[in-house]
Novice: 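Sharing a structure below in structure tokens format, with a few things to ask.
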There are 2 protein chains.
Amino acid sequence: MANLTALRDHNTAAVLGRIRAADEISRVELALATGLTAQAISKIVQRLAAEGLIAPAGRVPSAGGKPRTLLRLVPQARWVVGVQLHRHGSTLVLVDLAGRIVDATATRFDPSGATPQQTLDLIAAQVEAVIAELPRERVLGVGVACPGPLDQRTGVLHQVTGLPGWNGIPLRAELAARLGLPVFLDKDTTAGVLSRPGAPDRAFVYLGDGLGAGLVLGGRVQRGARTNAGEFGHQVIDPRGPRCACGNHGCLEALCRAALADGDRGRAADLLGEGIANLVRLLDLAQVVLAGDAVLADPDLFRDRIGAVVRERLPDPGWQQVGVTVTDAGEQVVALGAAGLVLGTLFGESDADGPDAAGLAVQAPAAQYPE
Amino acid sequence: MANLTALRDHNTAAVLGRIRAADEISRVELALATGLTAQAISKIVQRLAAEGLIAPAGRVPSAGGKPRTLLRLVPQARWVVGVQLHRHGSTLVLVDLAGRIVDATATRFDPSGATPQQTLDLIAAQVEAVIAELPRERVLGVGVACPGPLDQRTGVLHQVTGLPGWNGIPLRAELAARLGLPVFLDKDTTAGVLSRPGAPDRAFVYLGDGLGAGLVLGGRVQRGARTNAGEFGHQVIDPRGPRCACGNHGCLEALCRAALADGDRGRAADLLGEGIANLVRLLDLAQVVLAGDAVLADPDLFRDRIGAVVRERLPDPGWQQVGVTVTDAGEQVVALGAAGLVLGTLFGESDADGPDAAGLAVQAPAAQYPE
DNA sequence: CGACTTAGTCCACACTGTTGCTTTACTAGG
DNA sequence: CCTAGTAAAGCAACAGTGTGGACTAAGTCG
């Protein structure tokens, strides 16, 4: 997969990604940013405009010549559905090209009280409901986020935590067959890191029932050899600490939950800060986004204390530029991130390249396309 | 940078990479592996053969038709020099296309006893000596590995540990000017992970004076926002542990060194195993390569105990496939990895794409090319 | 108003990988 | 030995990519 079509798609995605990142940008700046010639940008922009994805948006004051024409996304040109499936129900969001949540539904139900097939029927019905008013050809696809472990490449669930009976369910194929739309599946934390565009090296840290992380490294999602990267909570921070459900002692997750159980959010934040500082140094990250019930209960405290620990642990001024923030999407982060799985294919943030170094391997398609 | 030239280079590198990985491979298999058509492979192979990089190597028994022609690298077609610069001197290796060390020199000297300029002159002379007999146009370049921190993108050293006076030295440019060859610079641990081809998600863990890691994730080197990823040793494993030089308590590095100081290699291995298990789960790695003086002092012990800890900590059978080995390159790993920095550009393992998600950003060149 | 500057496009072009067909080189069967 | 069948590899024409040079559009400035 590295022919002329791939080249075009790659460049097109890069241009779209730049436009999204800049909100408004001129052709000249696009040429500069991508390294392509003005002529190539001109062609690509024409194609995108013909597809309705972008449109001119005013002009920049001239600097002694013809003024630059600003371009921007047409948010309503395409739509994407993001689904979070968790132990207590589902959350759906309808998202436009600009990444704005246009519609949302949260349903509480007990997935273990029904067969997976029934639950899939329910999810499919929910998706249909949310896109009912839209021209179907403008719906790019559906992203689904689940607790792991799962196989992102094949779209099959494994022993999903708290959902017995789902082991081996080919969720992606099942849903694609029901909907007739492209479906993407990934871990909830991995989806979370795609909830908003961000730095090329960043982490999404989710402290809820469990503790997990999603990683974007070198501008691409890190999924790992078995697409289950992000096990952040079970690192041993204190071998004499309390026993964790995973069998070890003093896992970061166990320590944080113990602190939260004591009502001591400050301690939980400090502990989490230690783990995040380790993470930042290991991977040289520029940005950390926090989320999860526990964090959302007191966002400022977590942001400030974790930021403080990170600054303390990374004294070198060169490292000071680590942005620690709490997600602005609240409880919809993961569903929004699931939508991001689909949008990423358009904007070039997902690693459509697959596992191969050179991006040329024969690859399992990242999405299930209906036949 | 994503034009036809880039496309060709990308495919060429992918084909070369496949040939290296397979040792011997036919055109048909190359087409299958890369997804390119047989015709495209035919053209690329012709070009590579014309450049002398590959040559036919026998045939596969026919299965009822024209037999497949096997292709393989011509190891002597190109050469690469790898340099490790450390606190006590330098190690040089001359490496052929197959990654074999053809010549090697290790020199002990005190870099702090001379000006950086003098040391650079010395290194340049050593490189010249090792390539003296070779046709210069067949020397692809020189890779240099240093302790961090440094800026890989600009090729400038920062406050290198143990080498005062080197802060701000543009090592890459200086050396390229002296040699008239492309020069690549990177952290020693990052170089180490490129010492041999390996899994797309792997780590190189070096336990010597310090403790660091090099990471290849999703088939690309993880360098991070400031190209200083790999700070593996200063994760806090035990907050009540001994004080570390970095100011924190109970860093993995401090604990390991304390164990080694006690003569207790087993404890050091177990501790390191914990850290590595955390790493494997966080990034979902398939392979871990161990190196460093401490490990080489008793390779089997480290391999076996770390392997055992990893298997114990990752009980899910899906995770069992983590290969833990000790490098076969001994004390020359880092220098060999420095050579790998150069070879990677040929075989498509390095991330020539730079930090941008789509690989299209205007980028600082990864190598310094002489003018 | 005219000279100048910058943005953006038209057109011919070089070069990529692809498609359809042919040649090469072997096995199998009479 | 000959013929049919099969698979690998190359040839030639082609579609589509980004590029380079010339040209047009739309401003500023003196």
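None of these values were measured; they are calculated from a predicted model. Sequence lines set the chain letters: A, B, ... in the order given, protein chains first and strands last, and positions in each chain run from 1.
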Novice: I need the single residue from T227(A), L185(A), T190(A) that forms a side chain to side chain contact (heavy atoms under 4.5 Å, CB included) with Q152(A). Which is it?
Specialist: T227(A)
Novice: So how far is it from L215(B) CG to L217(A) CG, rounded to the nearest 0.5 Å?
Specialist: 9.0 Å
Novice: So, using side chain to side chain contact (heavy atoms under 4.5 Å, CB included) as the criterion, who are the partners of L4(B) when residues are at least two apart?
Specialist: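 In terms of side chain to side chain contact (heavy atoms under 4.5 Å, CB included), with neighbours along the sequence ignored, L4(B) is linked to L4(A), L7(A), L7(B).
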Novice: Any side chain to side chain donor-acceptor pair (under 3.5 Å) pairs touching residues 53-76 of chain A, not counting sequence neighbours?
Specialist: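 Side chain to side chain donor-acceptor pair (under 3.5 Å) check on residues 53-76 of chain A returns D23(A)-R72(A), E24(A)-R72(A).
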Novice: For a quick check of understanding: with a heavy-atom distance under 4.0 Å over all strands, which category does T69(B) fall into, base, sugar-phosphate or nothing?
Specialist: sugar-phosphate
Novice: Mind jotting down which residue pairs meet the salt bridge (Lys or Arg N to Asp or Glu O under 4.0 Å) criterion with at least one end in residues 33-56 of chain A? Sequence neighbours excluded, please.
Specialist: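 Applying salt bridge (Lys or Arg N to Asp or Glu O under 4.0 Å) to every pair that reaches into residues 33-56 of chain A, excluding sequence neighbours, yields nothing.
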Novice: What pairs with R136(A) under salt bridge (charged side-chain N to carboxylate O under 4.0 Å, His left out), at least two apart in sequence or on another chain?
Specialist: E128(A)
Novice: Sort me out a list of protein N/O and nucleotides 26-30 of chain D N/O pairs below 3.5 Å, or just none if empty.
Specialist:
{"from": "dA26(D)", "atom 1": "N3", "to": "K66(A)", "atom 2": "N", "distance (Å)": "3.4"}
{"from": "dG27(D)", "atom 1": "OP1", "to": "R59(A)", "atom 2": "NH1", "distance (Å)": "2.6"}
{"from": "dG27(D)", "atom 1": "N2", "to": "G64(A)", "atom 2": "O", "distance (Å)": "3.3"}

Novice: Apply side-chain hydrogen bond (donor to acceptor under 3.5 Å, both in side chains) to S26(B) and list each qualifying residue two or more places apart in sequence or on a separate chain.
Specialist: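 With sequence neighbours excluded, S26(B) shows a side-chain hydrogen bond (donor to acceptor under 3.5 Å, both in side chains) to E29(B), given in chain and number order.
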Novice: To the nearest Å, how far apart are L71(A) CG and dA7(C) P?
Specialist: 13 Å
Novice: Could I get the full list of salt bridge (charged side-chain N to carboxylate O under 4.0 Å, His left out) partners for D96(B), not counting sequence neighbours?
Specialist: R100(B)
Novice: Considering residues at least two apart in sequence or located in another chain, which fulfil the side-chain hydrogen bond (donor to acceptor under 3.5 Å, both in side chains) criterion with R178(A)?
Specialist: Q117(A), D121(A), E174(A)
Novice: Within the structure, does a side-chain N or O atom of R27(A) lie under 4.0 Å from either OP1 or OP2 of dA7(C)?
Specialist: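 Answer no for this pair, as no side-chain N or O of R27(A) is under 4.0 Å from OP1 or OP2.
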Novice: Five pairs per end, C1' atoms only: what is the angle between the end axes of the helix from dC1(C)-dG30(D) to dG30(C)-dC1(D), to 10 degrees?
Specialist: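 The angle separating the two end axes equals 10°.
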Novice: For Q46(B) and dA8(D), give me the distance from atom CD to atom C1', rounded to whole Å.
Specialist: 13 Å
Novice: Tell me whether the OP1 or OP2 atom of dT9(C) has a side-chain N or O from S42(A) closer than 4.0 Å.
Specialist: yes
Novice: Could you run down the sub-3.5 Å N/O contacts of the protein with nucleotides 15-19 of chain C?
Specialist:
{"from": "dT16(C)", "atom 1": "OP1", "to": "R8(B)", "atom 2": "NH1", "distance (Å)": "3.0"}
{"from": "dG17(C)", "atom 1": "OP1", "to": "N11(B)", "atom 2": "ND2", "distance (Å)": "3.0"}
{"from": "dG17(C)", "atom 1": "N7", "to": "K43(B)", "atom 2": "NZ", "distance (Å)": "3.2"}
{"from": "dT18(C)", "atom 1": "OP2", "to": "T37(B)", "atom 2": "N", "distance (Å)": "3.2"}
{"from": "dT18(C)", "atom 1": "OP2", "to": "T37(B)", "atom 2": "OG1", "distance (Å)": "2.7"}
{"from": "dT18(C)", "atom 1": "O4", "to": "K43(B)", "atom 2": "NZ", "distance (Å)": "3.3"}

Novice: Could you list the residues that satisfy side-chain hydrogen bond (donor to acceptor under 3.5 Å, both in side chains) with R78(A), not counting sequence neighbours?
Specialist: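 Not a single residue meets the side-chain hydrogen bond (donor to acceptor under 3.5 Å, both in side chains) criterion with R78(A).
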Novice: Which residues pass the salt bridge (charged side-chain N to carboxylate O under 4.0 Å, His left out) test with R27(B), not counting sequence neighbours?
Specialist: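 Not a single residue meets the salt bridge (charged side-chain N to carboxylate O under 4.0 Å, His left out) criterion with R27(B).
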Novice: Could you tell me how far apart R68(A) (CZ) and dA25(D) (C1') are, to the nearest whole angstrom?
Specialist: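 Value for this atom pair: 16 Å.
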